[in-house]
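Notes follow the structure.
FYI, side chains are in, hydrogens and waters are out, and symmetry mates aren't considered; it's all heavy atoms of this structure. On a predicted model such as this, the values are computed, not experimentally measured, just so you know. We name chains A, B, ... by the order of the sequence lines, and we start the count at 1 in each one.
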Amino acid sequence: MNKVNLTIDGRQVTVSADSTVLEAARKLKIKIPTLCYLKDINAIGACRMCLVEVKGARSLQASCVLPVEEGMEIKTNSPLVRTTRRTVLELILSNHNRECTLCVRNSHCELQTLAMEIGVREISFPGELPERPVDQQSPALLRDGSKCILCRRCVALCHQVQSVGVIQATERGFQTTIEPVFGKSLNEVACIFCGQCIHACPVAALQEKDERDKVWKALADPDLHVLVQTAPAVRVALGEEFGLGEGRNVTGKMVAALRQLAFDRIFDTNLSADLTIVEESHELMERVNQGGPFPLITSCSPAWVKYVEHHYPQLLSHLSTCKSPQQMMGALLKTYYAQIANIDPAKIFVVSIMPCTAKKFECQRPEMRASGFQDVDVVLTTRELGQMIRQAGIDFPNLTEEDFDEPFGESTGAAMIFGVTGGVAESALRTVADLLTGSTVEKFEYEEVRGLEGIKESTVQIGEQRFRLAVANGIGQAKKLLEQIVKGEKQYHFIEVMACPGGCIGGGGQPICKERIEKEKTDFPIERLKALYKADKGSTWRKSHENPTIKELYNKFFEKPNSKKAHELLHTAYMKRPLTPKE
Amino acid sequence: MSICSCQNKKFDKLREIIAEKKGTAGALIPVMHEAQELFGHLPIHVQSFIAEALEVPMADVYGVATFYSAFTLEAKGTYSIHVCLGTACYVKGAQAIVDKLAELLHIKVGETTEDGLFTLEATRCIGACGLAPVLTVNNEVYSQVSVEQIDGIVHKYMEMAWKDEEDGNSSTNS
Ligand code: SF4
Ligand code: SF4
Ligand code: SF4
Ligand code: FES
């Protein structure tokens, strides 16, 4: 690629000819403020925040869409740029519902940060708030149009990264709104509630449905026995809510905080992740014995399941019937645990702390009542838990580490890596290898399914059997894979799909991280991934079927994997859902 | 929504058009134009049909439909009454004319009467300020309109419609 030399604020820089001025400035570590720009997916020149002065040009130019030219001279901090920038920001703020003190994004908001950095002290335009209703019909997400600055980052993400495409800019001018078709709720269209758009949004126009109050109420109710479970990916991200750095494993502090919040028992979803692996591995083995149908596709990501229900109903029979780990745990708590603890399941209230917004939807699915009650009562995101801990005045960084409660405290490294793309496939391989060969396979780290590529394919030889498997990282990639399968171009035995890029560590309910804002990317901190693999390495047991609690569960309760009882409590069914609304 | 047989024929035609254009770059807008010609407007079930048949997100279809004023989401009446609300017309009392029409037709601006005869719209300046206040009914222009004339204008079109119906060449939307 040809190189181009230009000068920015008096400093020389050489970049490839297809760069933008913004990219060239970033190379010099010069910060040009941006709002609508999102690296790789949204450079549309809409917000005008990134204006710069170009020598010889008549007007200021939006640097995010301005191609570099040989010999260009750019100023990013001239008096004209500074005043114009402030005016642009004032204009954006003039029809923004500026209620920062009441806002979930207070102190995690790009608009607020910009206002602070640029030093806006007054807004000289009267401004008018657009009339855009709040959409809170869905069980998972809330859209507040009064906060929307029309940057279209969510649209780019939903269409280009996730290939779902249920939100779009509609109308023109002041009437412009970002919304689903015909002004419908996200609940009425094929939104999969992955919540990735929340991470794309610079402001609070997209949020999870806040359900903290239900949990506070349950905790204050003396008649209720309130249980909590935490997903693998939460523990390596929660610390970010308290400035503890990216990807720090704060399991012990998290448990201590939950105990201070007065949950009666604190359990680890990792245990039921092990259960999922054992059940799913047996399902795979059954198909191997029967010669199909292949591929078997994972079902632990509820946004992914909903995607298949809307887009590929013809493939529903390929989804594993296993529930997600949090739903397995919910069913277990209101049956087995209720029995051994001698507590009326009607009095048990189960809270899941998840990196995920789609699980708020999942727990309300009518199928998820295996115990005769709603198995999981409330799902909170990592962010909501962070908020509760702050609300309770708990000094999180200085907490002494504590352990999960028995009988569901023991788990494996295999469960830990459930939180990252490729992890479920690897954990399943670990168990299937032992089951198929009837021995303890020594080499159980499968490097080939690790990493953040979009689609990872590999063939693994286990005993007599050659397994062809694929791992799709995010829905956009999964769609590519499914198209090849539907057309008969590719064949696999096993496919893992996580709806969120990166897997649960990048889930829609994870902390809004500085990384995302500063690097203008949609990625999550890679440190979260490293922390999970490290925790796996440090675990006593690294294969799900070796977990002593799992063995005990089968001995005492389920008899064996895929038994009738296991099917009643741990497996589920799916339904076809419409692709587009018809009326 | 039940779809009558004439609707089915229209969908068959639309299916053909889509089959022809699918896969070509920029197929969406031409397909939407043809659909609008066929159906007169682009209601939700037509947009949903286009999205699924063309395999594009329905959000794209809807985004385009609301962006270009050439597309309409709702059925328009046989007679579209446009009242200019530009500054000159406004000053000369155009709002009172809109109010009178709304009262007479029992609809709000942007709506269509139940019998499908009239749609009431307010428009920006149409450049006939010398004739203010101005309204148009389909292609006919009425200048220096007063509130008192409104009854007469509306009745003129009602009678035309009745006459058409008697002659058996109804031009109302099917
Ligand atoms: S979105 Fe940001 S700027 Fe707007 S009210 Fe919330 S915190 Fe304040
Ligand atoms: S939750 Fe996912 S599918 Fe729904 S609008 Fe956001 S990005 Fe799109
Ligand atoms: S909802 Fe958020 S991301 Fe989407 S356009 Fe509005 S401000 Fe931008
Ligand atoms: S116009 Fe460049 S960041 Fe919005």
Side-chain angles (χ1 to χ4, degrees), chain A residues 44 46 130 132 135 143 145 150 152 154-186 188-192 197 307 310-314 475-476 479-480 482-483 486-487 576-583, chain B residues 1-4 7-8 10-11 14-15 18 22-23 25-29 31-32 35-36 39 41-75 85-86 108-112 121-125:
Chain A
I44 56 173
R132 303 190 195 118
D135 169 15
R143 285 189 318 119
L150 305 176
R152 292 163 170 76
C154 56
V155 175
L157 193 129
C158 187
H159 287 248
Q160 295 173 45
V161 178
Q162 293 297 65
S163 298
V164 178
V166 288
I167 37 179
Q168 179 63 275
T170 64
E171 307 286 347
R172 276 171 295 172
F174 190 69
Q175 303 302 322
T176 307
T177 307
I178 306 295
E179 58 181 1
V181 295
F182 286 86
K184 293 196 172 289
S185 162
L186 283 176
E188 299 167 295
V189 296
C191 170
I192 59 170
C197 49
Y307 180 82
H310 285 293
H311 288 257
Y312 293 92
Q314 73 272 34
I475 294 287
K479 184 182 178 185
K480 286 186 203 156
L482 288 198
E483 279 304 312
V486 170
K487 290 193 191 122
K576 182 176 161 43
R577 296 177 195 269
L579 184 54
T580 58
K582 315 278 183 233
E583 42 192 277
Chain B
M1 177 169 301
S2 69
I3 292 171
C4 71
Q7 283 267 357
N8 273 339
K10 290 180 187 175
F11 277 111
L14 184 56
R15 197 173 287 117
I18 291 175
K22 192 172 170 180
L28 180 59
I29 292 185
V31 165
M32 287 173 68
Q36 166 118 338
F39 293 88
H41 64 295
L42 298 173
I44 190 165
H45 62 283
V46 173
Q47 290 192 31
S48 150
F49 184 90
I50 295 174
E52 295 195 4
L54 258 188
E55 294 181 44
V56 298
M58 187 172 170
D60 288 353
V61 181
Y62 182 75
V64 169
T66 57
F67 187 84
Y68 295 103
S69 51
F71 295 117
T72 53
L73 304 193
E74 274 151 42
L85 281 185
K108 290 201 233 62
V109 172
E111 290 179 350
T112 299
E121 310 251 35
T123 62
R124 294 189 198 157
C125 182

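Note on B:Ala59, B:Ala65, B:Pro57: by heavy-atom pairs under 4.5 Å with chain A, the leading option is B:Ala59.
Between A:His311 and A:Tyr307, the angle of the ring planes stays under 30°, which puts this pair in the parallel group of the 30/60° scheme.
When ring centroids are compared, B:Phe11 and B:Phe39 come within the 6.0 Å threshold.
For A:Val181, the parts lying near chain B are the backbone and the side chain together; criterion is any non-hydrogen pair under 4.5 Å. For A:Leu579, the parts lying under 4.5 angstrom from a heavy atom of chain B are both the backbone and the side chain. Contact annotation for A:Pro180: only backbone heavy atoms (N, CA, C, O) come within less than 4.5 Å of a heavy atom of chain B.
A salt bridge is defined here as a Lys NZ or Arg NE, NH1 or NH2 lying under 4.0 Å from an Asp or Glu carboxylate O, and A:Glu179 with A:Arg143 fails to meet this definition.
Judged by distance alone, the side chains of B:Thr66 and A:Thr170 never bring a donor and an acceptor atom under 3.5 Å apart.
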